[in-house]
Asks: 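My questions all concern the structure below.
Each chain gets a letter, A, B and so on, in the order its sequence line appears, and its residues count up from 1. Being a predicted model, the structure only gives us computed values, none of them experimental.
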There are 2 protein chains.
Amino acid sequence: MQKTTQKRTLKTRARLIEASENLITTGGYEALRVEDVVQAAGVAKGTFFAHFRDKDALMEILIGAKLDRFLDSAEARTPPRTVSEIIAALEPVHRFMTSERYVFDLLIRYSGATAVAEIGPIAHFFERYFRLVTMWLEAADVRKDVTPELLAEGVQAFAIQAMSLRFCALHAATTFSDRLETYLDAWLTPPTG
Amino acid sequence: MQKTTQKRTLKTRARLIEASENLITTGGYEALRVEDVVQAAGVAKGTFFAHFRDKDALMEILIGAKLDRFLDSAEARTPPRTVSEIIAALEPVHRFMTSERYVFDLLIRYSGATAVAEIGPIAHFFERYFRLVTMWLEAADVRKDVTPELLAEGVQAFAIQAMSLRFCALHAATTFSDRLETYLDAWLTPPTG
DNA sequence: TCAATAAAATGACCGCGGTCAATAAAAAAT
DNA sequence: ATTTTTTATTGACCGCGGTCATTTTATTGA
């Protein structure tokens with residue numbers, strides 16, 4: 001059972017991804033059509049699905065790669081120690097996550113691996129986000145009565161909550177960062193009686 | 001500009017909804033097909049879309065109605081005062097919200113109104129959920145350094161977080177309720193130093 | 001160098017949500 | 001009662017994601 005991958009394969013895949021990125025640059029994620037991608041890449045429609053399980057799989061790759069780059073930047077900074085520093089450090093990540101309703105929905109949909117064997121780029125991103133925040137919280141000026149892991153899970157939960165409300169017309173008065181700061185102040189630094 | 005609605009309209013609409021409910025009872029939400037609904041209801045496909053903006057709009061109505069019934073029950077109980085009582089009171093609601101991946105995704109997608117004018121059944125449900133939990137927290141044995149509204153938003157955020165992880169194979173070890181209890185203990189009753 | 005075999009690409013085809021000009025049925029006007 | 005106007009229904013059609021038997025291209029073995 002030899003399964004030699006031809007270099008042709010890599011070229012085609014690269015062409016598909018590059019074509020997708022170009023189309024997204026001009027039209028955004030939501031408007032991306034598989035037929036446009038294959039036409040721009042100069043291949044047949046079936047070829048697309050020989051390289052990606054479905055359209056979402058490509059989206060996962062593209063969005064996951066972008067998110068990873070943002071996490072690289074966040075990781076390179078000197079670790080934030082206060083709530084507002086943490087929010088500032090994550091701002092580019094959160095901004096991208098809420099840049100399009102379509103992107104946010106896809107993130108939620110693929111945030112967890114449905115099977116341990118198939119951890120996709122987005123599930124991978126959330127895992128990395130969680131570990132990074134955990135690390136920050138270990139050394140930050142926050143409550144110590146619960147584990148940093150639990151605190152990090154809460155940060156994620158509140159970030160997603162704030163993002164949801166960002167898309168809601170009923171709560172448009174407050175900005176995303178202000179809302180998240182309110183949440184995290186109450187979550188990370190409750191008053192020590 | 002009179003816009004008299006014929007009784008015929010109400011009948012057709014009721015038939016469509018009943019047919020949908022029957023199909024869902026046997027096949028679940030995800031597998032519902034518009035073509036099956038109209039065939040079961042004995043109308044043409046176009047009729048469906050004269051009554052509902054799109055398939056999701058019908059889903060919103062069906063799922064929203066179910067959720068409202070669960071909230072009715074929760075509201076009828078004697079108000080819970082502790083974390084585990086709150087979790088127990090919300091258990092049927094949460095159970096339905098996570099009964100199908102498809103249902104959960106739809107809930108997230110329509111949790112907020114995109115325009116103030118179009119508050120759908122699901123956005124309405126989340127608003128009601130929020131108000132009910134707020135009311136409970138006003139009289140419950142929880143921290144008082146922040147408003148009950150903020151606490152209720154947190155309960156919602158943690159509930160959604162726990163639901164997300166329920167669908168994730170990486171975190172399948174812990175049950176939904178156990179996880180939520182851990183979250184809410186830390187959120188609602190932090191140690192008073 | 002030339003079969004034999006494996007891998008990749010192709011495009012006609014399908015499923016299903018959603019549209020819309022045409023038609024039928026009901027209500028209002030005469 | 002008959003015409004006019006409004007409201008509801010119809011079904012052929014479209015867009016787009018996804019499939020698969022067939023064909024093309026690369027690799028291996030003699």
Asks: Testing B:Arg128, B:Arg69, B:Arg131 one by one against B:Glu75 for a salt bridge (charged side-chain N to carboxylate O under 4.0 Å, His left out), which residue passes?
Replies: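 Going through B:Arg128, B:Arg69, B:Arg131 one by one, the salt bridge (charged side-chain N to carboxylate O under 4.0 Å, His left out) with B:Glu75 is satisfied by B:Arg128 alone.
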
Asks: Just by protein heavy atoms under 4.0 Å, how would nucleotides 8-18 of chain D read 5' to 3' in B, S and -?
Replies: SSBB----SBB

Asks: Are any of the side-chain nitrogens in A:Asp105 or A:Arg101 under 4.0 Å away from the carboxylate oxygens of its partner?
Replies: yes

Asks: Less than 4.0 Å between a side-chain N and a carboxylate O, is that true for A:Glu85 and A:Arg81?
Replies: no

Asks: List the atom pairs, donor and acceptor, that lie under 3.5 Å between side-chain atoms in residues 132-140 of chain A and the rest of the protein, sequence neighbours left out.
Replies:
| from | atom 1 | to | atom 2 | distance (Å) |
| --- | --- | --- | --- | --- |
| A:Thr134 | OG1 | A:Phe130 | O | 2.7 |

Asks: Runs of at least three consecutive Watson-Crick or G-U pairs, both distances under 3.5 Å, are what I'm after; which ones involve DNA chain C?
Replies: C:1-3 with D:28-30, C:5-29 with D:2-26

Asks: Going by the side chain to side chain donor-acceptor pair (under 3.5 Å) test, which pairs reach into residues 24-44 of chain A, not counting sequence neighbours?
Replies: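 Applying side chain to side chain donor-acceptor pair (under 3.5 Å) to every pair that reaches into residues 24-44 of chain A, excluding sequence neighbours, yields A:Glu35-A:Lys45.
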
Asks: Roughly how many Å is it from CG in A:Leu16 to P in C:dA8, rounded to a whole number?
Replies: 14 Å

Asks: Just jot down the side-chain hydrogen bond (donor to acceptor under 3.5 Å, both in side chains) partners of A:Arg179, sequence neighbours excluded, or say none.
Replies: none

Asks: Quick check for you: to the nearest 0.5 Å, what is the distance between A:Phe176 atom CZ and A:Gln161 atom CD?
Replies: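 The CD atom of A:Gln161 is 11.0 Å from CZ of A:Phe176, to the nearest 0.5 Å.
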
Asks: In whole Å, I'd like the distance from the NZ atom of A:Lys11 to the P atom of C:dA9.
Replies: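 After rounding, the gap between these two atoms is 12 Å.
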
Asks: With A:Phe49, which residues qualify under ring-ring contact (aromatic ring centres under 6.0 Å, His included), at least two apart?
Replies: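 Result, ring-ring contact (aromatic ring centres under 6.0 Å, His included) vs A:Phe49: none returned.
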
